[in-house]
Amino acid sequence: MPAFVASEDFSIPEVLNAYRLPSTVITRSPGRINLIGEHTDYNNGYVLPAAIDKAAYIALTPRTDKAIHLFSIDLNDSYTTHIDNIEKSTKASWPNYMLGIVLQFKNAGVVMGGFDAALTADIPIGAGLSSSAAVECAMGMALDKHFKVGLDKLTLVKMAQKAEHEFAGVQCGIMDQFASVFGKRNHVIKLDCRSLEYVYEPFAMDGIKIVLLDTQVKHSLGSSAYNERRLQCEQGVAWMQEHEPQVKSLRDATLAMLDAHVLPKDALVYQRCKYVVEENERLLNACQDLEAMNMQAFGQRMFETHEGLSKLYEVSCPELDFLVNVVKDNPAVIGARMMGAGFGGCTINLVAEDAVDALIANTTIAYKNTMQQQLKAYIAKIETGTSVLSCQGL
Ligand code: GLA
């Protein structure tokens, strides 16, 4: 049975029509939000992401030679390489997200000919909405369909994550690619990043909108700080293991263990680990709030997550802190926090529907006045994950 079926739920962007031949495969893979559970995925913890209504689209057409021609429609840029000798682009990053996954298919032994692939996306780049994971997954699905590989969803997710590790150089967890592929309309995914078991929790909230406030900044320390946090967490685990061999990751740790075995060694590593242990606990409690439909309690935990990310894990920045603080006492805002890896990108806000316009207008002015930056705002709807939109003749 084919793992992926053609979807009629989404229309094909107009701009892709120019790249559409009878043998073209067109795929869509969305960006993601994460309600709670940040920096927990690579610590074998839990996350609560969802795919959104902003996506990357790829139109892939076979060639008779072994060349790979890539086009970014949005950037009006192209890149050419060869299937037998895939070379990384040194000028632009977008081709590498496409090529990283091609290489994974090659490594898995898939025999591939040349192809043209055109990319377009409506996910804001650098906003922390995982546009790179979306491109990797859209490309992976296009290759799967075109070369008739028949991958299951989880294998595609793992290959896309590996592409990010090996081609983009970020030691990311599994959340972004998982959410992009497994997303389900009006549901968040409670994912256990250790067992990879997951459940869909309904998240259709009458009268509440998901508002993303985009700082429009991306501080350069992002990926190095990300990898550094990962190492600090691993260091904490190694210290605990000397006394508690059953602790394989921070998922298995308790605050008492941290107090006993990590705090005496290093206060900063302790602080990082404390955040992660608390965040896992917070997510489990937040899921109970969701099941009890107690959105106020859920939102309060989002604020607590922000506090932890800002003060203990130290992956926030003045712009993100400003955006959370400025909405904090607004009764129409149920919860808000920075989202994703940090050092820029968006805050995620749960906002009473009738207050959304005023909130965006007021925050835009305040942000401009205080941070001298232009704010962007998006309303996110929770949508279905990666799908094939067209595959005539296959
Ligand atoms: C990035 C990574 C994810 C995850 C988040 C933080 O988005 O790609 O794997 O670690 O940061 O929660």
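Since this is a predicted model, take the numbers as computed values, not measurements. As the structure lists them, so they are numbered: ligands from 1, and atoms in each ligand from 1.
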Any salt bridge between [X] and [Y], counting N to O under 4.0 Å?
X    : Y    : result
K209 : E353 : yes
E314 : R272 : yes
D321 : K311 : no

Q: Provide the full list of salt bridge (Lys or Arg N to Asp or Glu O under 4.0 Å) pairs with a residue in residues 92-101, sequence neighbours left out, each pair given once.
A: none
Q) Are K153 and D144 close enough, and set up right, to give a salt bridge (Lys or Arg N to Asp or Glu O under 4.0 Å), and what steps lead you there? A) CA-CA 11 Å; K153 286 183 177 190; D144 177 79; over 6 Å; no
Q: Evaluate the ring planes of Y198 and F178, with Trp represented by its six-membered ring, and classify them as parallel (under 30°), tilted (30 to 60°) or perpendicular (over 60°).
A: perpendicular
Q: Below 4.0 Å from any atom of ligand 1, which residues have a heavy atom? Give them in chain and number order, please.
A: R32, E38, H39, D41, Y42, C172, G173, M175, D176, Y226, G340, A341
